[in-house]
Amino acid sequence: MNLFAHFHGLVEKALNDLAAEGLMAGGLDLSRVVAEPPRDPSHGDVSTNAAMVLAKVAGLPPRKLAELLCGKLAAAQDVEAAEIAGPGFINLRLAPTIWPKFLASALALGDGFGHSTLGKGEKVNVEYVSANPTGPLHVGHCRGAVFGDALASLLAATGYAVSKEYYINDAGAQVDTLARSAHLRYLEALGQNIGEIPAGLYPGDYLKAVGQALAAAHGTKFVNRPESEWLEPVRAMAIAMMMDLIRDDLAALNIRQEVFFSEKSLHTSGAVDETLASLTRAGHVYQGRLDPPKGEVPEDWEDREQTLFRATAFGDDVDRPLKKSDGSFTYFASDVAYSRDKISRGFKQLIYILGADHGGYVKRLQAVASAIAGEGRVQVIVRLCQLVKLFRNGEPVRMSKRAGEFVTLRDVVDEVGPDVVRFMMLYRKNEAPLDFDFAKVTEQSKDNPVFYVQYAHARICSVLRNAESEGYGAPGDGEVQFNLLTDEAELSVIKRLAAFPRLMEAAALAHEPHRISFYLYDLASDFHALWNRGKEAPHLRFIIPAQRHLTMTRMAFLRAIRYSLANGLGILGVRPVEEM
RNA sequence: GCGCCCGUAGCUCAGCAGGAUAGAGCACAGGUUUCCUAAACCUGGGGUCACAGGUUCGAAUCCUGUCGGGCGCGCCA
């Protein structure tokens, strides 16, 4: 039950009725009309801007329209009072009887509380991580991985048909480098002294296992043989093993993507050729020259005629090359084919989670989708994740890529656990930089939001356990009477719960899962406050032995709060703990 | 030079779909426990929402410009 959606509907109905009665113009655009919780609770429970937004087009002074609307709304069910305030807000004070109904419905929904059908089953593709398959994930991949996963969960919970996808860059030069590096480790596994790993190859120890696997599978077949004989099989095995590694890393963060899409397959299947042909037929490809890049011009810049995608026709800044000077396809060309594949699978939203250094890629991806599907047919949404800065007790953690000293995703997850990593990565807007201090995030105090939210959930579980052991387990008929919850502290928690479904939808529409984290923090805060009220005011404690109905009611209330916490944490991919 | 992102309290950040008197936490000062987890709670001060225009009944939020910070700018992926 989404109270605000419900009252939004009532406002629309009232407006239509007014139009039908000839009191105002009909057929108006209602998209700017909102029904929302007022910032100041003294203004009531639901507030709408309808009169202010529509006054002009309705052909009525705002005050007059507000009065008409107020008359209709005051008569609606569950509305106790409707009043005009400020510049023309209509504030609804709801009848106290609505809260028991709301709590009952939230409780009945249980695991589904907060979920909705907003997306109407629209197909959405979320592509995230997509790290090169050349080694384990490092800490830089963490944020995008968690963000993408949480966003996918959020969209799924709000009624979208979500596919979680990983694009494997297994076709470029860097996987050849991987193969050469693995071949060296293969020689090493066969007992050769390989000395220092030459510059330009991947030095990581994680390739030793690949070398051993190659030796076991192929014996000495690839020793002292030209690269042309071994490059392909070695590369295939190395990529397969790297992807296993990456899947394990993701699993450590409780991430499981459904589709792992190979870039190479786009070449072997002919999809890239077909895409180029199709774009050419549509007139989006031409032979031409590009101006040298502004800023730093590359050493080996050469002005030449090349095959270009007319990205500028779709809002990009420059046209984009599809072929390299040796005639082979660019990375961008396979990306175009990949976009085409996604579009052909029926996705209406293509969501990309990328690092902030990929900002320059956004317009290109949008241009591609417009060229292939037609303008406005497919929505391309790119969310850029800013850097994570690691700290240890306030000191920045130094990483040197050159020396191969990077902190892996696994290092971080193993040290603080997946729940902490996931929550902290989502406790900031994605486009804001994030500081991650190992000491702070594991601290057990209210200064640590992960702990604070978890603690609220655990505390609820603890009371429920105590209650059950004292005979307040499953309630019997009529034992739960939510109208007994009348204290301000209780009502403010109930109203916070009532905002949850609307918050989920807003977060989904904005593609901003961090809003869930902040909501959970606020809800936890309300709950802890309510808990402490029981100290000065014993009648507000949850278990009150002399009053069975009240106690049973409060247990049900706690279960509703717990569902909200657990469901929100579920979106973030954080396990709600029952005991701490 | 151009594009994208950011600029809110001393610090770290929220600010919901343009709404009413801009909010949290930290830090600082004080208070609360014979009681369901004090691992918590309560009270207090603190703001030219970078700056200047514009749109609007109404702007931290949308538009334009300026300043400051980050990222990026063909044949790498």
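The sequence lines fix the lettering, A, B, ..., with proteins before strands; numbering per chain opens at 1. Computed from a prediction, not measured in an experiment: that's the story for all the values here.
Contact between the side-chain N/O atoms of A/Lys323 and the OP1/OP2 oxygens of B/rG74 is not found at any separation under 4.0 Å. In terms of phosphate contacts, A/Ser462 brings no side-chain nitrogen or oxygen within less than 4.0 Å of OP1 or OP2 of B/rC36. Applying the 4.0 Å criterion to OP1 and OP2 of B/rU37, one finds that A/Asn466 has a side-chain N or O inside that range. Between A/Tyr338 and B/rA77 there is no side-chain polar atom (N or O) within less than 4.0 angstrom of OP1 or OP2. Of the side-chain N and O atoms in A/Lys56, one or more sit less than 4.0 angstrom from OP1 or OP2 of B/rC57. For A/His514, a side-chain nitrogen or oxygen approaches OP1 or OP2 of B/rG15 to under 4.0 Å. Within the structure, a side-chain polar atom (N or O) of A/Lys429 is placed less than 4.0 Å from OP1 or OP2 of B/rA14.
Counting distance only, with no hydrogens placed and no angle test, the side-chain atoms of A/Arg364 and the base atoms of B/rG72 include no donor-acceptor pair under 3.5 Å.
Using cut-offs of 30° and 60° for the angle between ring planes, the A/Tyr521 and A/Tyr427 rings count as tilted. Between A/His138 and A/His141, the ring-plane angle classifies as tilted under the 30° and 60° cut-offs.
Pairing for B/rG10 goes to B/rC26, judged as Watson-Crick or G-U wobble with the two contacts each under 3.5 Å.
Comparing A/Asp435 and A/Asn91 by the nucleotide of RNA chain B that holds the closest heavy atom to each, the one mapping nearer the 5' end is A/Asp435.
Expressed to the nearest 0.5 Å, how far CZ of A/Arg93 lies from OG of A/Ser42 amounts to 7.5 Å.
A cation-pi geometry, defined here as NZ or CZ lying under 6.0 Å from the six-membered ring centre and within 45° of its normal, holds between A/Arg392 and A/Phe438.
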